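Worksheet for the structure shown next.
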Amino acid sequence: MIKKIIVAIILVIIIIPQLIPVDRPENNDDKTNDLIANNKIPDTIASLLKSSCYDCHSNQTIYPWYANIAPISWLVVRDVKLGREELNFSDWETLSKMYKAKQLNNLSEEVEEGKMPMPIYLITHGDAKLSEQKKAALVNWSETFAEELFD
């Protein structure tokens, strides 16, 4: 009897959260204002941005299968919403030059300090991990690109 109650409780704990709706940020393929689509970004940098940044910082998020399972789905949605609020590469061309420069500076600092991509993201996205060489490439590109904004 106790085993049945324990099993029932576990099932309720697992099933009930799946019924709570999640307001997942929508994706779209509109690249009208996208950073990569509208600027001469070196292929290596574009690849790094796509693999390490775009899932949370663009409207082109690739949601993995586990993003459909609560409570993990709640964390994924939260991270994508916060990421897009902080910086959305899909809206890049709508930003002022000063704000772009600030965002590029932030990108440089966050990458250099190992804060981005977020360590929790790297657990399931090994291809997003940045080697020291890749970090240096992103930092150098972001600093150069920021300077070029004002040329």
Side-chain angles (χ1 to χ4, degrees), residues 10 13-151:
I10 290 172
I13 290 171
I14 292 171
I15 293 171
I16 297 295
Q18 306 315 314
L19 302 175
I20 300 171
V22 175
D23 187 21
R24 179 187 286 187
E26 290 189 30
N27 284 331
N28 67 57
D29 291 330
D30 181 9
K31 294 187 171 89
T32 305
N33 293 307
D34 185 71
L35 168 70
I36 294 173
N38 291 286
N39 294 277
K40 293 179 183 176
I41 309 295
D43 290 343
T44 54
I45 298 301
S47 178
L48 290 175
L49 290 169
K50 287 275 188 180
S51 67
S52 299
C53 308
Y54 262 57
D55 268 351
C56 294
H57 295 285
S58 79
N59 295 336
Q60 300 168 35
T61 303
I62 298 170
Y63 291 102
W65 63 269
Y66 55 81
N68 296 309
I69 301 170
I72 298 168
S73 59
W74 306 335
L75 298 172
V76 171
V77 165
R78 181 194 62 133
D79 288 348
V80 171
K81 284 181 178 180
L82 291 174
R84 288 181 183 182
E85 286 173 14
E86 186 65 34
L87 170 61
N88 189 334
F89 289 119
S90 295
D91 296 333
W92 185 257
E93 296 303 317
T94 66
L95 307 175
S96 70
K97 284 183 183 182
M98 289 300 291
Y99 193 70
K100 287 177 183 178
K102 178 184 175 194
Q103 292 294 29
L104 289 164
N105 183 59
N106 290 344
L107 182 150
S108 177
E109 288 178 6
E110 297 281 320
V111 167
E112 196 166 40
E113 294 172 5
K115 294 179 181 176
M116 286 288 159
M118 291 173 49
I120 194 166
Y121 180 76
L122 297 174
I123 292 170
T124 54
H125 297 84
D127 60 327
K129 185 167 176 52
L130 298 172
S131 65
E132 290 304 315
Q133 182 180 5
K134 289 177 180 178
K135 283 182 187 179
L138 266 177
V139 168
N140 290 336
W141 167 79
S142 65
E143 291 172 356
T144 302
F145 193 56
E147 291 171 9
E148 291 173 355
L149 291 172
F150 299 98
D151 286 344

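This structure is a prediction, so every number in the text was calculated from the model and none was measured. For the numbers below, each heavy atom of this structure counts, side chains included, while hydrogens, waters and symmetry mates do not.
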Could you check whether any side-chain heavy atom of [X] comes within less than 4.5 Å of a side-chain heavy atom of [Y], counting everything from C-beta outward?
| X | Y | value |
| --- | --- | --- |
| F145 | N39 | yes |
| N68 | Y63 | no |
| T124 | Y66 | yes |
| N105 | K102 | no |
| K31 | N38 | no |
| N33 | F89 | no |
| L49 | L107 | yes |
| L87 | N106 | no |

Notebook entry, point to check: Considering residues, nucleotides and ligands other than D29, do more than 12 of their heavy atoms fall under 6.0 Å from its CG?
Noted result: no
message: Can you confirm whether K134 is buried at NZ, in the sense that more than 12 heavy atoms of other residues, nucleotides or ligands lie under 6.0 Å from that atom?
response: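 12 or below, so no.
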Under 3.5 Å donor-acceptor, [X] side chain and [Y] backbone:
| X | Y | answer |
| --- | --- | --- |
| S47 | D43 | no |
| H57 | G83 | yes |
| D79 | C56 | no |
| S58 | Q60 | yes |
| N27 | T61 | yes |

### Message
For the residue pair D34 / Y54, report whether a side-chain donor-acceptor contact shorter than 3.5 Å exists.
### Response
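There is such a pair (donor and acceptor under 3.5 Å, judged by atom type) between the side chains of Y54 and D34.
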Item to complete: Verify whether one side chain among D55 and Y121 offers a donor that lies under 3.5 Å from an acceptor in the other.
Response: yes
Where [X] and [Y] come nearest, the two heavy atoms and their spacing:
| X | Y | result |
| --- | --- | --- |
| V139 | S108 | CG1-OG, 3.3 Å |
| P117 | A128 | CG-O, 3.4 Å |
| Y99 | E86 | OH-O, 3.8 Å |
| A101 | L149 | N-CD1, 3.7 Å |
| P25 | V80 | CG-CG1, 3.7 Å |

Just verifying a value: how many Å separate [X] [atom1] and [Y] [atom2], rounded to the nearest 0.5 Å?
| X | Y | atom1 | atom2 | value |
| --- | --- | --- | --- | --- |
| Q103 | M98 | CD | CE | 12.0 Å |
| K129 | S51 | NZ | OG | 12.5 Å |
| K135 | L48 | NZ | CG | 12.5 Å |
| N140 | E112 | CG | CD | 9.0 Å |

- prompt: Do K81 and D23 sit within salt-bridge range, that is, some charged N less than 4.0 Å from a carboxylate O?
  reply: yes
Are K100 and E93 close enough for a salt bridge, meaning some N to O gap below 4.0 Å?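 Yes, K100 and E93 are salt-bridged.
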Checklist line | Results of side chain to side chain contact (heavy atoms under 4.5 Å, CB included) for A70 - residues two or more places apart only | finding: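 So A70 forms a side chain to side chain contact (heavy atoms under 4.5 Å, CB included) with P17, Q18, S73, W74.
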Hits for side chain to side chain contact (heavy atoms under 4.5 Å, CB included) against E113, two or more places apart or cross-chain, chain-then-number order -> E109, K115
*asked:* Set out, in order, the CA-CA distance, both residues' side-chain angles and the distance that settles side-chain hydrogen bond (donor to acceptor under 3.5 Å, both in side chains) for N59 and D30, then state yes or no.
replied: CA-CA 8 Å; N59 295 336; D30 181 9; over 6 Å; no
Note to self: Would L104 and W141 count as a side-chain contact (heavy atoms from CB on, under 4.5 Å) here? Give the steps.
What the structure shows: CA-CA 9 Å; L104 289 164; W141 167 79; 3.9 Å; yes
